[in-house]
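For reference, the structure discussed in these notes is given below.
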Amino acid sequence: MNAYAPILVLGALGAGFAIFSVVMATLIGPKRYNRAKLEAYECGIEPTPTPTGGGRFPIKYYLTAMLFIVFDIEIVFLYPWAVSFDALGIFGLVEMLLFVLTVFVAYAYVWRRGGLEWD
């Protein structure tokens with residue numbers, strides 16, 4: 001347990017500082033509320049009312065999310081593979097090449113559908 005004591009102390013100090021900062025900002029921070037500050041902020045654009053069933057999201061939103069998930073999963077699998085690369089040998093290399101090829105197929109699909117173009 002002595003080996004983990006510095007980690008626990010550092011975590012407690014970090015959490016304490018975060019809680020202290022939030023509480024003190026709430027207590028001593030300026031409180032000048034007005035109508036503009038209480039409205040929703042959407043990157044400087046006036047918020048528009050959405051339909052009752054919710055608005056339709058453009059396909060680029062889903063393509064970007066899919067691309068993020070694909071590359072996130074790739075990284076999750078690449079780290080353990082890189083650590084045990086010597087033990088896996090040629091089999092591990094071939095399997096990772098097939099996996100990366102599959103990831104690039106998803107990347108090509110998103111690229112072809114225009115998910116990387118920001119208009």
Side-chain angles (χ1 to χ4, degrees):
M1 189 65 181
N2 287 338
Y4 295 109
I7 296 171
L8 294 174
V9 170
L10 185 62
L13 282 174
F17 178 73
I19 292 169
F20 174 77
S21 298
V22 170
V23 169
M24 292 309 291
T26 304
L27 293 177
I28 63 174
K31 295 169 182 62
R32 294 182 292 251
Y33 299 111
N34 58 28
R35 186 175 174 204
K37 283 188 177 183
L38 294 176
E39 287 190 19
Y41 179 72
E42 295 182 8
C43 302
I45 300 171
E46 287 291 323
T48 57
T50 57
T52 56
R56 294 185 66 179
F57 288 100
I59 188 68
K60 289 182 182 183
Y61 172 80
Y62 296 106
L63 290 176
T64 304
M66 184 176 77
L67 188 66
F68 173 76
I69 290 171
V70 163
F71 281 102
D72 203 33
I73 291 171
E74 179 185 18
I75 294 300
V76 166
F77 283 116
L78 277 175
Y79 275 124
W81 172 78
V83 169
S84 63
F85 177 72
D86 291 338
L88 295 174
I90 195 74
F91 173 76
L93 179 64
V94 171
E95 290 297 321
M96 190 50 66
L97 286 176
L98 289 173
F99 178 69
V100 170
L101 180 69
T102 306
V103 168
F104 280 130
V105 167
Y107 176 71
Y109 173 76
V110 170
W111 188 2
R112 184 169 175 245
R113 297 289 296 181
L116 302 176
E117 296 173 8
W118 298 99
D119 297 331

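Side chains are part of it too, since the values below use all heavy atoms of this structure and drop only hydrogens, waters and symmetry mates.
L27 is connected to F20 through a chain of hydrophobic side-chain contacts under 4.5 Å among Ile, Leu, Val, Met, Phe, Trp and Tyr, so both are in one cluster. No continuous path of hydrophobic side-chain contacts links V105 to I75 [ILVMFWY only; heavy atoms under 4.5 Å].
Y107 contributes atom OH, which lies 14.5 Å from atom CG of L101 (distance to the nearest 0.5 angstrom).
Annotation for F71: atom CZ counts as buried by contact number, over 12 foreign heavy atoms lying within 6.0 Å.
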Pairs under 3.5 angstrom only: tabulate donor-acceptor contacts from the side chains of residues 78-97 to other protein residues two or more places apart or in another chain.
unit_1	atom_1	unit_2	atom_2	d
W81	NE1	G92	O	3.1
S84	OG	P80	O	3.0

Under 3.5 Å, side-chain donor or acceptor atoms of residues 7-18 against the rest of the protein: list the pairs with distances, not counting sequence neighbours.
none

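Counting all heavy atoms, side chain and backbone alike, T26 lies closest to K31 at O-NZ, 2.9 Å.
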